[in-house]
Colleague: 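Below is one structure. I have some questions about it.
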Amino acid sequence: TIGMIALDKDGHVAAGTTTNGLTHKVPGRVGDSPIVGAGAYADSSAGAAAATGDGDVMMRFLPSYLAVELMRAGADPSAACKTAISRIKRHYSEFFGAIICANTTGHYAAACNKAPGLSQFHYMVSNSESDIPLLKTVDC
Amino acid sequence: RASVPVVINTWPFKDAAAAAWSVLRSGGSALDSVEKGCARCEIEHCDGSVGYGGSPDESGETTLDAMIMNGNTMEVGAVADLRRIKNAIGVARAVMELTEHTLLVGESASVFAENMGFIAEDLTTNNSVNIFLQWLKGNCQPNYRKNVFPDPSKTCGPYKPRTILKQKGRTRQANTRSHD
């Protein structure tokens, strides 16, 4: 899965996801990616977020919607991302998942849940500071 | 320090980030940027969890899910369980711009896409066939069945529901090779 957030020069915010989902899924199974508020959420007056991971679990907690609403309430992107992850972790301590968050000023962050095979989460950032995309890493 | 415009995407998919950034750098919209960045991953498959030719289901078919959201208008277009169409994010945008709906799914979503001019093609590749055949050879492990017989942790289906439902912790975990 790729989840993406963009803020353009006019301050407009958009988000999107695309995936081929879980390997060996039961036919008809759909993950969190296309579910609004789960795979991604965007509101130009608050920010945007996009999630990736075990969609069967993550979609039940609407992490992208929660992160955007926390940023609307004044949380910085890092705090918003962490809260969205910890909300899921309370019920599924070892779930595989991560989320990226950005607010309307262009500040961004990511958070992830430490799980087998996920101790760090890598994501990409592109802005005018460097013409080539920057690889960022966050510890889970 | 923050700077706008900006693109952020999950996982180290550099080409997707560059494709999205090229739109913003030339003054394009956030919506076009997201669509172009995600579409790049659909073409390049990124780590195999995006686009055609990956993550075959129990029947060996690859299906796609995608969504796009306009934070200005709060419009959304989404497709799920999309078959035979490679450009899932493009179909999601068509749902947003060419219908009053938010989410279309399955075979009907594919028919909508074909009617709107998207090309119908096989989403299977040698890679997805190999993944599927190896899985069959390995007694269909892992799978996402529970409370059925024969025992899904040991054998392939077809499965029938067990009369007694066992409540136990979630056994199957997504991982870096298979996730949403």
Side-chain angles (χ1 to χ4, degrees), chain A residues 1-9 11-28 30-34 36 39-44 48 50 52-55 92 94 96 98 100 102 105-108 115-118 122-129 132-133 135, chain B residues 2-14 16-18 20-21 24 27 29-31 33-35 37-38 41-42 46 49-51 54-59 62 64-72 76 78-81 88-89 103 131 135 142-144 173-176 178-180:
Chain A
T1 302
I2 183 169
M4 187 170 270
I5 297 168
L7 281 76
D8 64 27
K9 62 184 177 4
H12 295 167
V13 180
T17 63
T18 186
T19 183
N20 52 33
L22 221 45
T23 310
H24 313 315
K25 55 184 163 292
V26 176
V30 172
D32 64 321
S33 301
V36 189
Y41 196 73
D43 181 335
S44 296
T52 181
D54 184 345
Y92 294 90
E94 283 209 336
F96 179 91
I100 55 174
T105 59
H107 288 88
Y108 57 82
L118 189 66
H122 305 293
Y123 61 103
M124 300 305 299
V125 176
S126 286
N127 57 25
S128 45
E129 282 172 27
I132 56 160
L135 176 63
Chain B
S3 86
V4 175
V6 62
V7 170
I8 306 115
N9 65 260
T10 56
W11 305 112
F13 302 153
K14 186 174 178 185
W21 176 243
L24 295 184
S29 71
L31 210 58
S33 169
V34 164
E35 181 183 3
C38 288
C41 258
E42 291 176 343
C46 285
S49 68
V50 184
S55 304
D57 64 17
E58 283 181 352
S59 65
T62 292
L64 306 177
D65 304 334
M67 72 158 273
I68 192 164
M69 182 164 192
N70 180 333
N72 259 33
V76 171
V79 285
D81 194 24
I89 190 81
L103 170 62
I131 293 171
W135 183 70
N143 61 61
Y144 295 89
Q173 294 286 349
N175 56 50
T176 42
S178 172
H179 60 82
D180 290 295

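Naming convention: chains lettered A, B, ... in sequence-line order (proteins, then strands); numbering from 1 in each chain.
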Colleague: Strictly distance-based, threshold 3.5 Å: is any side-chain N or O of T23(A) a donor or acceptor partner for the main-chain N or O of P56(B)?
Modeller: no
Colleague: How about N72(B) and S44(A): does a side-chain donor come under 3.5 Å of a side-chain acceptor?
Modeller: yes
Colleague: Looking only at atom types and distance, does a side-chain atom of K25(A) sit under 3.5 Å from a main-chain N or O of S55(B), one as donor and one as acceptor?
Modeller: yes
Colleague: When only pairs under 4.5 Å are counted, which of A80(B), A66(B), A78(B) shares the most heavy-atom pairs with chain A?
Modeller: A66(B)
Colleague: What distance separates W21(B) CH2 from I132(A) CD1, expressed to the nearest 0.5 Å?
Modeller: 12.5 Å
Colleague: Which heavy atom of V7(B) sits nearest a heavy atom of A6(A), and at what distance?
Modeller: CG2-CB, 4.3 Å
Colleague: Side chain from CB out, backbone as N, CA, C, O: work out which of these in L24(B) comes under 4.5 Å of a heavy atom of chain A, or both, or neither.
Modeller: side chain
Colleague: Heavy-atom distance under 4.5 Å to chain B: side chain of I2(A), backbone, both or neither?
Modeller: both
Colleague: For A30(B), does its backbone N or O pair with a side-chain atom of D8(A) as donor and acceptor, under 3.5 Å?
Modeller: yes
Colleague: Nearest 0.5 angstrom please: L22(A) CG to Y144(B) OH, how far?
Modeller: 3.5 Å
Colleague: Output the option from G117(A), A15(A), A40(A) having the highest count of non-hydrogen pairs under 4.5 Å with chain B.
Modeller: A15(A)
Colleague: Any idea which heavy atoms bring N127(A) and P5(B) closest together, and the distance?
Modeller: CB-O, 3.4 Å
Colleague: With a 4.5 angstrom heavy-atom cut-off, which part of S33(B) approaches chain A: side chain, backbone, both or neither?
Modeller: both
Colleague: If you compare all heavy atoms of N9(B) against all heavy atoms of Y123(A), which two are closest, and at what distance to 0.1 Å?
Modeller: O-CB, 3.2 Å
Colleague: Would you call the rings of W135(B) and H24(A) parallel, tilted or perpendicular, where under 30° means parallel and over 60° means perpendicular?
Modeller: parallel
Colleague: Tell me, out of S59(B), G27(B), C46(B), who's got the most heavy-atom pairs with chain A below 4.5 Å.
Modeller: G27(B)
Colleague: Could you tell me which portion of A98(A) (side chain, backbone, both or neither) has an atom closer than 4.5 angstrom to a non-hydrogen atom of chain B?
Modeller: neither
Colleague: At a 4.5 Å cut-off on heavy atoms, which part of C41(B) comes close to chain A: side chain, backbone, both, or neither?
Modeller: side chain
Colleague: For A88(B), is there any backbone N or O sitting under 3.5 Å from a side-chain donor or acceptor partner on T18(A)?
Modeller: no
Colleague: Most heavy-atom pairs under 4.5 angstrom with chain B, which of G31(A), A42(A), G11(A)?
Modeller: A42(A)
Colleague: Sub-3.5 Å donor-acceptor pair from the side chain of T19(A) to the main-chain atoms of S49(B), do we have one?
Modeller: yes
Colleague: Hey, could you give me the CD1/CD1 distance between I8(B) and I5(A), rounded to the nearest 0.5 Å?
Modeller: 5.0 Å
Colleague: Do you know the tightest heavy-atom contact between M4(A) and A20(B)?
Modeller: SD-CB, 3.6 Å
Colleague: Enter the distance from M69(B):CE to T17(A):OG1 here, rounded to the nearest 0.5 Å.
Modeller: 12.0 Å
Colleague: In Å and rounded to the nearest 0.5 Å, what is the CG to CG distance from N20(A) to D57(B)?
Modeller: 11.0 Å
Colleague: Applying side chain to side chain contact (heavy atoms under 4.5 Å, CB included) between S33(A) and each of L64(B), D180(B), V50(B), report the one that passes.
Modeller: D180(B)
Colleague: Between chain B and each of G28(A), G16(A), G55(A), G53(A), count heavy-atom pairs under 4.5 Å; write down the option with the most.
Modeller: G53(A)
Colleague: For the residue pair T1(A) and F13(B), what are the closest heavy atoms and their distance?
Modeller: O-CE1, 3.5 Å
